[in-house]
Amino acid sequence: MRYSRALIPSLREVPKDAVTPSHILLLRAGYMRMAGAGIYELLPLGLRVLHKIEAIIREEMNAAGAQELLMPALLPAEYFRETGRFDSFGDALFRLRDRRGNDYHLGPTHEEIITDLVRRDVRSYKQLPLNLYQIQMKFRDEPRPRAGLLRGREFLMKDAYSFDVDEDAARKSYEIMRETYRRIFDRIGLEYRIVAADSGAMGGSTSAEFQVLTQTGEDRLVACEKCDYAANVEVAEVRAEAIEPGSAPLKEVETPDKRSIEEVAEFLGVKPEETIKSLLFVADGETVMAIVRGDHEANEIAIARLAGANEIRLATEDEITEATGAPVGFAGPVGFKGKIFVDRDAAAVKDAVAGANQLDRHVTGVNFDRDYQGELGSIRFAEEGDGCPRCEGTLRSYRGIEGGHIFILGTHYSENMGATFLDPDGKAKPFVMGCYGIGVSRLLATAIEQNHDEDGIRWPVSIAPFSIVLAPIGKNAEVLAAAEALYEELVAAGLEVLYDDRDERPGVKFKDADLLGIPFRLVVGGRGLEKGVVEFKARDSKETEEIARDGIVEELKRRIENAKS
RNA sequence: CGGGGCGUAGCGCAGUUUGGUAGCGCGCACGGUUCGGGACCGUGAGGUCGGAGGUUCGAAUCCUCUCGCCCCGACCA
């Protein structure tokens with residue numbers, strides 16, 4: 001591609017509305033433009049990268065035996081009505097109506113549509129397993145689109161759906177997808193962790209997120225330094241400490257107007273981790289107490305799970321007073337009448353300090369089992385420095401962006417929609433399904449989050465829009481002719497070259513080359529020409545080197561291949 | 001949805017407090033000098049000041065309503 005003919009509207013200044021690195025750089029380097037909140041136009045450069053990512057995904061999905069198809073983006077409401085999601089999806093659904101007054105919506109995901117297709121056209125166990133996927137725009141009216149392509153209202157997604165005869169077979173399909181995803185993320189060149197996550201309302205016991213590690217991610221993760229354990233903090237387990245009773249007697253103490261853990265700990269001269277925090281929640285209408293160690297953060301989702309509750313929220317001040325007989329800040333488990341859920345690490349605190357359920361009073365010498373009882377569980381967020389639940393290692397915390405999510409759906413959709421096949425005995429059975437998503441446009445931005453510096457983007461070679469940027473320096477006719485000839489030769493050899501034939505000063509060309517993030521730069525100049533060499537520089541290196549003009553094509557191909565692995 | 005911020009030329013901004021009919025830098029076009037890390041000089045094109053209504057002799061500026069965008073939070077198969 002000749003730069004002089006390309007639409008690459010790079011910006012010298014940072015667009016005001018962009019904050020996140022990928023958002024800033026995609027705009028600045030001329031890869032995309034905004035059309036509305038969470039809606040973007042991909043320019044030629046951006047589309048080239050997207051196509052690279054898609055190609056890798058297609059190759060690996062096809063190699064795994066999945067078949068590509070294309071479902072509609074505009075969907076009649078009847079499909080989502082069948083499973084109740086036309087209503088339950090709520091405001092996130094873009095709804096519309098046709099001229100006859102029928103309801104439609106734009107597809108935010110396609111479980112129902114694919115399930116309908118399969119129930120109509122797949123009838124026998126002999127046709128299974130089946131894995132169908134598409135790469136298509138998804139539409140979700142996000143409550144808050146943000147960070148450019150990282151969370152848009154329209155985004156490109158690869159979604160695959162597997163259909164199997166039973167749970168075992170479904171698990172095999174799931175494992176194949178897990179390995180396929182590993183290859184895809186490896187080939188794109190992303191640093192990621194496969195983490196356990198909350199399956200959400202979709203149900204299904206087995207699920208894993210492919211979290212790309214970044215500074216700016218929306219998700220908080222912990223991963224073990226030693227083994228490959230990794231999890232979203234929402235569901236992360238930690239190595240529990242042994243519970244041994246302490247020996248101090250239970251004793252009430254005055255704590256005038258000391259309510260927070262910090263205040264109480266300071267006042268009594270103890271560390272926050274020597275106290276226990278008593279929080280009151282309303283779980284499915286019942287007021288319950290949750291106990292975590294003073295320095296820990298309670299995890300509502302985990303508490304709800306332990307309590308077996310569908311809905312949970314913090315209790316109001318009035319509810320706290322009613323349940324404990326004391327104002328906020330003095331709740332404690334000793335003598336509490338309702339249900340108590342206790343985090344294992346809180347139970348392990350010997351001779352702890354806790355609220356006394358009386359104004360301006362706490363109790364010391366509190367020990368689990370001896371002084372209070374409750375259901376034990378893991379109900380706090382994991383933190384940096386916690387012990388790994390699987391090995392002797394220590395957990396470290398990260399921020400991540402969810403690039404992919406795989407899970408076994410079971411028969412939720414097939415049963416609700418009556419999607420069945422006949423087994424060898426002629427019996428109708430529901431398909432056991434799995435679904436597997438990759439945020440394709442999100443990955444484009446994620447790759448930048450992980451690969452950039454103060455000068456611009458640093459694309460992994462595998463998804464760079466061009467692998468080489470070729471720039472002649474000066475106006476010398478011989479130099480221009482030599483660069484032109486080299487360009488033709490490289491293109492003929494199948495290399496993807498951005499030829500900077502613009503009548504610009506060297507500094508401008510270099511700055512743009514860095515900003516666009518092309519992995520390799522070739523500079524043709526008068527001096528090198530006489531010596532029969534061309535200047536070579538990698539985007540991620542400060543050094544330039546000279547490589548011989550003769551045999552340059554093979555040399556470049558070799559370097560590009562090396563950089564991919 | 002709650003809190004905060006912002007809409008003035010393609011991009012970044014000043015001008016708004018104290019009304020007087022719009023300006024700077026970059027970019028763009030043309031001419032000239034330059035040419036290895038975003039050159040310099042000159043000339044020029046380009047703006048319904050987000051929109052509607054109101055106050056006023058006069059509104060980018062004051063008032064009312066409204067639309068849009070960004071950030072934090074809530075939410076997020």
Side-chain angles (χ1 to χ4, degrees), chain A residues 7 9-20 23-24 27-30 33-40 80 83-86 88-93 107-114 138-148 150-153 155 157 159 161 197-204 207 209 216 218-219 232 234 300-301 313-314 401-402 404-409 412-413 433-437 439 442 454-456 471-476 479-480 500 502-516 521-528 535 537 542 544:
Chain A
L7 180 64
S10 63
L11 264 23
R12 200 175 286 224
E13 292 180 81
V14 176
K16 164 171 67 96
D17 287 339
V19 174
T20 314
H23 192 193
I24 291 170
L27 294 171
R28 269 202 68 203
R33 286 293 181 261
M34 182 173 88
I39 309 171
Y40 294 89
F80 267 43
T83 55
R85 288 166 110 192
F86 191 72
S88 69
F89 230 94
D91 291 335
L93 209 56
T109 177
H110 282 79
E111 282 83 4
E112 285 85 346
I113 325 319
I114 194 84
K138 294 284 190 267
F139 301 87
R140 293 181 198 177
D141 195 355
E142 290 285 343
R144 191 180 149 207
R146 80 190 94 171
L150 288 178
R151 181 169 290 276
R153 295 195 292 175
F155 56 97
M157 181 164 169
D159 49 323
Y161 304 88
D198 190 42
S199 304
M202 291 296 301
S207 102
E209 289 176 350
T216 50
E218 294 181 327
D219 297 314
N232 196 304
E234 287 173 8
E300 278 188 34
I301 296 171
R313 62 171 172 83
L314 269 170
I401 296 171
E402 183 183 349
H405 200 160
I406 57 176
F407 38 115
I408 297 179
L409 292 172
H412 177 77
Y413 289 94
M433 296 171 57
C435 88
Y436 319 92
R442 176 182 275 185
E454 56 286 352
D455 292 319
I473 291 302
K475 288 192 167 175
N476 182 305
V479 168
L480 293 178
D500 196 345
R502 294 176 301 168
D503 181 17
E504 287 288 355
R505 298 162 63 85
V508 173
K509 294 188 178 185
F510 295 158
K511 286 287 184 188
D512 273 331
D514 287 347
L515 179 62
L516 303 199
R521 188 183 81 193
L522 289 179
V523 173
V524 177
R527 274 165 291 166
E535 179 184 291
K537 180 181 170 299
K542 282 188 166 53
T544 62

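The figures that follow rest on heavy atoms only: side chains count, while hydrogens, waters and symmetry mates do not. Naming convention: chains lettered A, B, ... in sequence-line order (proteins, then strands); numbering from 1 in each chain.
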When the distance from [atom1] of [X] to [atom2] of [N] is rounded to whole Å, what number comes out?
| X | N | atom1 | atom2 | result |
| --- | --- | --- | --- | --- |
| A:Asp500 | B:rG38 | CG | C1' | 13 Å |
| A:Glu300 | B:rC75 | CD | C1' | 13 Å |
| A:Met157 | B:rC76 | CE | P | 17 Å |
| A:Glu142 | B:rC1 | CD | C1' | 15 Å |
| A:Lys509 | B:rU34 | NZ | P | 19 Å |
| A:Ile24 | B:rC11 | CD1 | P | 16 Å |
| A:Arg505 | B:rC40 | CZ | C1' | 9 Å |
| A:Leu516 | B:rG37 | CG | P | 19 Å |

Looking at A:Glu13 and B:rG27, is any side-chain donor or acceptor paired with a base atom of the opposite kind under 3.5 Å?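 For A:Glu13, whose side chain was compared with the base of B:rG27, there is no donor-acceptor pair (under 3.5 Å).
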Give a yes or no on whether a donor-acceptor pair under 3.5 Å exists between the nucleobase atoms of B:rG38, that is its base, and the side chain of A:Arg28.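 In this structure, the two groups form a donor-acceptor pair.
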For nucleotides [N] and [M], find the distance between their [atom1] atoms and express it as a whole number of Å.
| N | M | atom1 | answer |
| --- | --- | --- | --- |
| B:rG36 | B:rA29 | P | 22 Å |
| B:rC70 | B:rC62 | C1' | 27 Å |
| B:rG27 | B:rC67 | P | 38 Å |
| B:rA14 | B:rG50 | P | 13 Å |
| B:rC63 | B:rU55 | C1' | 7 Å |
| B:rG68 | B:rG51 | P | 15 Å |
| B:rC13 | B:rC49 | C1' | 14 Å |
| B:rC30 | B:rC69 | C1' | 37 Å |

Looking at B:rG27, I'd like to know if its phosphate oxygens (OP1 or OP2) sit under 4.0 Å from a side-chain N or O belonging to A:Arg12.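 The answer is yes; a side-chain N or O of A:Arg12 sits under 4.0 Å from OP1 or OP2.
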Nearest to the side chain of [X], which nucleotide is it out of [options]?
| X | options | result |
| --- | --- | --- |
| A:Arg146 | B:rG38, B:rC75, B:rC70 | B:rC75 |
| A:Met34 | B:rC70, B:rC6, B:rU34 | B:rC70 |
| A:Arg151 | B:rG36, B:rC70, B:rC76 | B:rC76 |
| A:Leu11 | B:rG36, B:rC11, B:rA39 | B:rC11 |
| A:Lys16 | B:rC75, B:rG37, B:rG12 | B:rG12 |
| A:Pro506 | B:rG12, B:rG38, B:rC35 | B:rC35 |

Pair partner, [N] [Watson-Crick or wobble, under 3.5 Å]:
| N | value |
| --- | --- |
| B:rA39 | B:rU33 |
| B:rG73 | B:rC1 |
| B:rC24 | B:rG12 |
| B:rC6 | B:rG68 |

Heavy atoms under 4.0 Å, any strand shown: does [X] hit a base, just sugar-phosphate, or nothing?
| X | result |
| --- | --- |
| A:Ala147 | sugar-phosphate |
| A:Arg521 | base |
| A:Lys475 | base |
| A:Pro15 | sugar-phosphate |
| A:Glu504 | nothing |
| A:Val19 | sugar-phosphate |

For the side chain of A:Arg28 and the backbone of A:Leu11, is there at least one donor-acceptor N/O pair under 3.5 Å apart?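 The answer is yes, because a donor-acceptor pair under 3.5 Å joins these two groups.
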Between A:Lys509 (side chain) and A:Arg502 (backbone), is there a donor-acceptor pair under 3.5 Å?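 Flag set: sc A:Lys509 to bb A:Arg502 pair under 3.5 Å.
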RNA chain B: A:Asp512 or A:Thr109, which has the more 5' nearest nucleotide?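 Looking at the nearest nucleotide for each, A:Asp512 comes out on the 5' side.
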5' precedence on RNA chain B between A:Arg153 and A:Phe89 (nearest-nucleotide basis):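 Between the two, 5'-proximity favours A:Arg153.
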Checking side chain to side chain donor-acceptor pair (under 3.5 Å) for the pair A:Ser207/A:Glu209: CA distance, chi angles, key distance, verdict? CA-CA 7 Å; A:Ser207 102; A:Glu209 289 176 350; over 6 Å; no
Find out whether A:Arg85 and A:Thr109 are in side-chain contact, i.e. whether some heavy atom of one side chain is under 4.5 Å from a heavy atom of the other.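 A side-chain contact exists here, since the closest heavy-atom pair is under 4.5 Å.
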Contact between A:Ile401 and A:Leu150 at the side-chain level, heavy atoms closer than 4.5 Å - yes or no?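 In short, these two side chains touch, coming nearer than 4.5 Å.
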Suppose we call two aromatic rings close when their centres sit under 6.0 Å apart. Are A:His110 and A:Phe80 close by that rule?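 Not close enough - the centres of the two rings lie 6.0 Å or further apart.
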Would you verify whether the NZ or CZ of A:Arg521 falls within 45 degrees of the ring axis of A:Phe510 while also being under 6.0 Å from that six-membered ring's centre?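 Cation-pi check for A:Arg521 and A:Phe510: passes.
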Ignoring hydrogens, what is the shortest heavy-atom contact between A:Asp500 and A:Pro472? Give both atom names and the distance.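 For A:Asp500 and A:Pro472, the tightest heavy-atom pair comes out as O-CD, 3.2 Å.
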